[in-house]
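One structure is given here, and the rest of the page talks about it.
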Amino acid sequence: MKWRYVLLAAVLVVQIPLLHQACWSAPPASQSLPFADDFERAELGPAYGTFFHAARPKIEAGRLWTGEVKNNPIWLDLELPEDVVVTFDVQATARAGDVKWELFGNGRDHESGYVFVFGGWTNTISIIARLDEHGSDRKERKDFRVDPARVYQMRVERKAGHLKWYVDGTLFLEWKDESPLTGTGHDRFGFSAWETPAYFDNLRIEAL
């Protein structure tokens, strides 16, 4: 009988954090659409969340530097509509690439929405993932390498559940989600990183 209790305990260890994440949602947003940020200031400011557990992000030379936030996104305090377009500029800081951001998350937790990785896994894979960046259903491509000397323009949009990700005006990846993540708990955007910081700039968000 003892092994049954061990198994039950293991299930609870896995499920309780997931249930906690599913039940949590961000408080009322302080920002509104259309939203724009050029980061031309000294401090990040109150428009962005405070769930940082590693090297803190900061403003550096008019750009957002993510720091090593260890998959604790820099959430924007803005409620997204279901159909939206998000644009921004990004530059990697190392040959490893590994640029990340999250869309339609809950405003606190990593992997609470769609995860975008540009040049991840030592610059070998770029993905769109749904709730699990290691999931077997993620959309990916392996034929692109991020150049740290370049500034890329990103455009991510969703309309009627169809996600499209453009890099410098060219469609890069897409996902026609039959069960799109919407509503409370799936309405925030955040910049992210693991151990490779990146620079972000010229953020624009508007209803599509």
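For reference, positions follow the sequence shown, starting with 1.
Without hydrogens or angle criteria, Trp75 side chain to Arg108 main chain gives a donor-acceptor distance under 3.5 Å. Asp109 places no side-chain N or O within 3.5 Å of a backbone atom of Ser112 that could act as its donor or acceptor partner. Asp83 contributes a side-chain N or O that, together with a main-chain N or O of Ala160, makes up a donor-acceptor pair within less than 3.5 Å. The main-chain N or O of Gly113 is never found under 3.5 Å from a side-chain atom of Glu102 such that the two would form a donor-acceptor pair. Side-chain atoms of Arg141 never come within 3.5 Å of backbone atoms of Ser126 as a donor-acceptor pair (strictly under, hydrogens ignored). Within the 3.5 Å criterion, the main-chain N or O of Phe39 finds no donor-acceptor partner in the side chain of Arg63. Side-chain atoms of Glu68 do not come within 3.5 Å of backbone N or O of Ala193 as any donor-acceptor pair. Side chain of Tyr114 to main chain of Leu181: a donor-acceptor pair is present (N/O by atom type, distance under 3.5 Å, no hydrogens or angles).
Residue-environment remark: CD (Glu40) exceeds the threshold of 12 foreign heavy atoms within 6.0 Å.
To the nearest 0.5 Å, atom NE2 of residue His110 and atom CG of residue Asp132 are 8.0 Å apart. Between the CG atom in Asp187 and the CD atom in Glu79 there is a gap of 5.0 Å [rounded to 0.5 Å]. With values rounded to the nearest 0.5 angstrom, Ile128 atom CD1 is found 10.5 Å from Asp177 atom CG. The distance from the CZ atom of Phe189 to the CG atom of Leu76 is 7.5 Å, given to the nearest 0.5 Å.
In this structure, Val69 is not a member of the same hydrophobic cluster as Trp65, with clusters built from ILVMFWY side-chain heavy atoms closer than 4.5 Å. There is a path of hydrophobic side-chain contacts, each under 4.5 Å, that joins Leu44 to Val90. Grouping the Ile, Leu, Val, Met, Phe, Trp and Tyr side chains by contacts below 4.5 angstrom, directly or via other members, places Val151 apart from Val86. Linking Ile, Leu, Val, Met, Phe, Trp and Tyr whenever their side-chain heavy atoms come within less than 4.5 Å puts Phe35 and Phe88 in one cluster. No single ILVMFWY cluster, assembled from side-chain heavy atoms under 4.5 Å apart, contains both Val85 and Tyr152.
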>> Determine whether Thr66 and Ser192 satisfy the following criterion, side-chain contact (heavy atoms from CB on, under 4.5 Å), listing intermediate values before the conclusion.
In response: CA-CA 7 Å; Thr66 61; Ser192 192; over 6 Å; no
>> What verdict does the salt bridge (charged side-chain N to carboxylate O under 4.0 Å, His left out) test give for Glu157 and Arg155, after you've listed the backbone C-alpha separation in whole Å, the side-chain angles of each residue and the deciding distance to 0.1 Å?
In response: CA-CA 7 Å; Glu157 61 182 53; Arg155 176 185 172 95; 2.9 Å; yes
> Run the side-chain contact (heavy atoms from CB on, under 4.5 Å) check on Met154 and Phe116 step by step: do they pass?
Replying inline: CA-CA 11 Å; Met154 301 294 170; Phe116 295 75; over 6 Å; no
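Alongside Ile127, the hydrophobic cluster contains Val115, Val117, Trp121, Ile125 (criterion: ILVMFWY side chains under 4.5 Å).
When side chains are defined from C-beta on, Glu133 does not count as touching Arg138, because their heavy atoms never get closer than 4.5 Å. Under the 4.5 Å side-chain criterion, counting only non-hydrogen atoms from C-beta, Pro57 is in contact with Leu64. Looking at heavy atoms from C-beta onward, Pro180 lies in side-chain contact with Arg158 at the 4.5 angstrom threshold. Between Leu103 and Leu80 the shortest side-chain heavy-atom distance falls below 4.5 Å.
Here Lys142 pairs with Glu140 in a salt bridge; the nearest charged N to carboxylate O distance falls below 4.0 Å.
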Let me have the donor-acceptor pairs involving side chains of residues 163-174, under 3.5 Å, with sequence neighbours excluded, atom names and distances please.
| residue | atom | partner | partner atom | Å |
| --- | --- | --- | --- | --- |
| Asp168 | OD1 | Gln153 | N | 2.9 |
| Asp168 | OD2 | Arg150 | NH2 | 2.6 |
| Glu174 | OE1 | His162 | NE2 | 2.7 |

Name every donor-acceptor pair, under 3.5 Å, that has one atom in a side chain of residues 194-208 and the other anywhere in the protein, sequence neighbours excluded.
| residue | atom | partner | partner atom | Å |
| --- | --- | --- | --- | --- |
| Glu195 | OE2 | Lys70 | NZ | 2.5 |
| Tyr199 | OH | Glu60 | OE2 | 2.2 |
| Asn202 | ND2 | Asp89 | OD2 | 2.7 |

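For Pro81 against Leu33, the heavy-atom pair with the smallest separation is CD-CD1, 3.3 Å. For the residue pair Gln91 and Pro148, the shortest heavy atom distance occurs at NE2-O, 3.0 Å. Minimum interatomic distance between Arg130 and Ser179 (heavy atoms only, all atoms of both residues): NH2-O, 2.5 Å.
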